[in-house]
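Worksheet: the structure to be examined is printed underneath.
Both ligands and their constituent atoms are indexed starting at 1 by order of listing.
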Amino acid sequence: MLDVARRLITPSLRSEVPAFMVMDVMAAAARIEEDGGRVIHMEVGQPAAPAPTSAIEAARAALVSGRLGYTETLGIPSLRARIARQYRDSYDIDVDPQRVAVTTGSSAAFILAFLALFESGDRVAVALPGYPPYRHILSALGCKPVLIETTQTTRWAITPDMLLAEHRKAPLKGVLIASPANPTGTMIQVQALRDLVAAAESEGISFISDEIYHGLDYAFPAETAAKLSESAVIINSFSKYFCMTGWRIGWMVLPVALIRSVERLQGNLAISVSALSQIAALAALDGRVEMEAVKHGYEENRRILLAGLPKIGFEKILPVDGAFYLYADVSRFCTDSYEFAKRMLAQTHVAVTPGVDFDPLHGRHFIRLCYAGSPEEMHEALERIGAWLE
Ligand SMILES: Cc1ncc(COP(=O)(O)O)c(C=O)c1O
């Protein structure tokens, strides 16, 4: 019977996307905690702080009031309008609320953007190192992720030359970038972003900008690609700056030509986004004062790590411009950062992510540290790792 079922049900090839290796680290950390150990979690990219109080109160009131139904497919109009207003407040540009699509986190926005823009077989450029789901979602949808290797020389950013060189090999249909970036925490300067958008658009390459870490910029203010082009697809989320990972809510700013396609796709794929999360997100946008205090905590953590890591032997770290990540070269200590991260966890109870998740080619030389915890945890992590390496 089981054999018959096995023969009948074969997972599709497209579903064979790689799992995150960080899951192994998380599972090992959970085992240590079950045995009473205290793990410092620097492996998972999420804020330790809760959502803004305004969001939690709005959600509580919505629950008490009772019925939560489907909403308009592209989002509650007041939320779309409020997000549009945010572009005026933060970036000094006018965005038509009709161009805003509320999504189930930025994760759903990637699926919608790729489906709306690309045909199966299309080549889409993404940076290495980079957030793994970009390439995995593209593959699952039948597109071809084109991995552009970046280095510290360009602060891990794709340059127009790199993009056009790939395009000359075989035409690209899209390029996706993130600034601030995961895993490196580096950002693209405004002029470099402008040049990249112009290079892409001059060749008819669609530009997708993942702006999920906007708001978490320390070195210089992040610029939105929405200001540089009305054809760019902007993807953002309440997960990081607003500490709302579990609420699963994000948004896109769409070129006018894609609004109806995304509406049809989202209507079919999801009907609408969770009403409760939309109500909370609308209120979250009034919680900036609280979130700025959280951001100052990350800044303090960044300062502690940038001062402390070189002292314990991690000298090769790039400028950490934004987000809450730091990508450290550990080739001085090991040839395989996966094994290194495993040993570090077992012996120091500090959990970090091996670079192989973000870069199958060179990631074994790197680890990513997430500094979204408390300053006390940063000091303690430095002590524990320093003592271990001695
Ligand atoms: C660069 C980047 N983009 C997108 C996401 C997905 O976030 P969400 O779906 O919670 O909005 C993450 C999550 O870590 C990320 O690091």
N/O of Tyr325 under 3.5 Å from N/O of ligand 1, yes or no? no
Does the distance from a Lys or Arg side-chain N to an Asp or Glu carboxylate O, for Asp24 and Lys342, drop under 4.0 Å? no
Report the relative orientation of the aromatic rings in Tyr91 and His214; use parallel for angles under 30°, tilted for 30 to 60°, perpendicular for over 60°. tilted
Please verify the inter-ring angle class for Phe110 with Tyr134; under 30° counts as parallel, over 60° as perpendicular, anything in between as tilted. perpendicular
Indicate the ring-plane relationship of Tyr325 and Tyr213, choosing parallel, tilted or perpendicular according to the 30° and 60° boundaries. perpendicular
Could an N or O of ligand 1 be found under 3.5 Å from any N or O of Thr245, whether backbone or side chain? no
In short, Ala62 meets Leu276 closest at the heavy-atom pair CB-CD1, 4.0 Å
Side chain, backbone, both or neither: which part of Phe110 has a heavy atom under 4.0 Å from ligand 1? side chain
Quick one: do the Asp161 and Thr159 side chains pair a donor with an acceptor below 3.5 Å? no
Identify, by atom number and element, the atoms of ligand 1 in contact range of Tyr134, meaning under 4.0 Å from any of its heavy atoms. 1 (C)
Please report which non-hydrogen protein atom sits nearest to atom 2 (C) of ligand 1, along with the residue it belongs to and the distance in Å to one decimal place. Asp210 OD2, 3.4 Å
Around atom 14 (O) of ligand 1, find the nearest protein heavy atom and jot down its residue, atom name and distance. Lys240 NZ, 2.7 Å
Asp357 with Arg368: basic N within carboxylate O range, under 4.0 Å: no
Salt-bridged, Glu299 to Arg302, with N to O below 4.0 Å? no
Looking at Asn182, which atoms of ligand 1 are within less than 4.0 Å of one of its heavy atoms? 1 (C), 15 (C), 16 (O)
Could you tell me whether some N/O pair between Ser239 and ligand 1 is separated by less than 3.5 angstrom? yes
Test of understanding: given a 4.0 Å heavy-atom threshold, classify the contact between Arg248 and ligand 1 as side chain, backbone, both, or neither. side chain
Which residue owns the protein heavy atom closest to atom 9 (O) of ligand 1, what's the atom, and how far is it? Ser107 OG, 2.5 Å
Judged on heavy-atom distance to atom 8 (P) of ligand 1, which of Gly45, Ala178, Ser106 sits nearest? Ser106
Distance filter under 4.0 Å to Gly105 heavy atoms, resulting ligand 1 atoms: 9 (O), 11 (O)
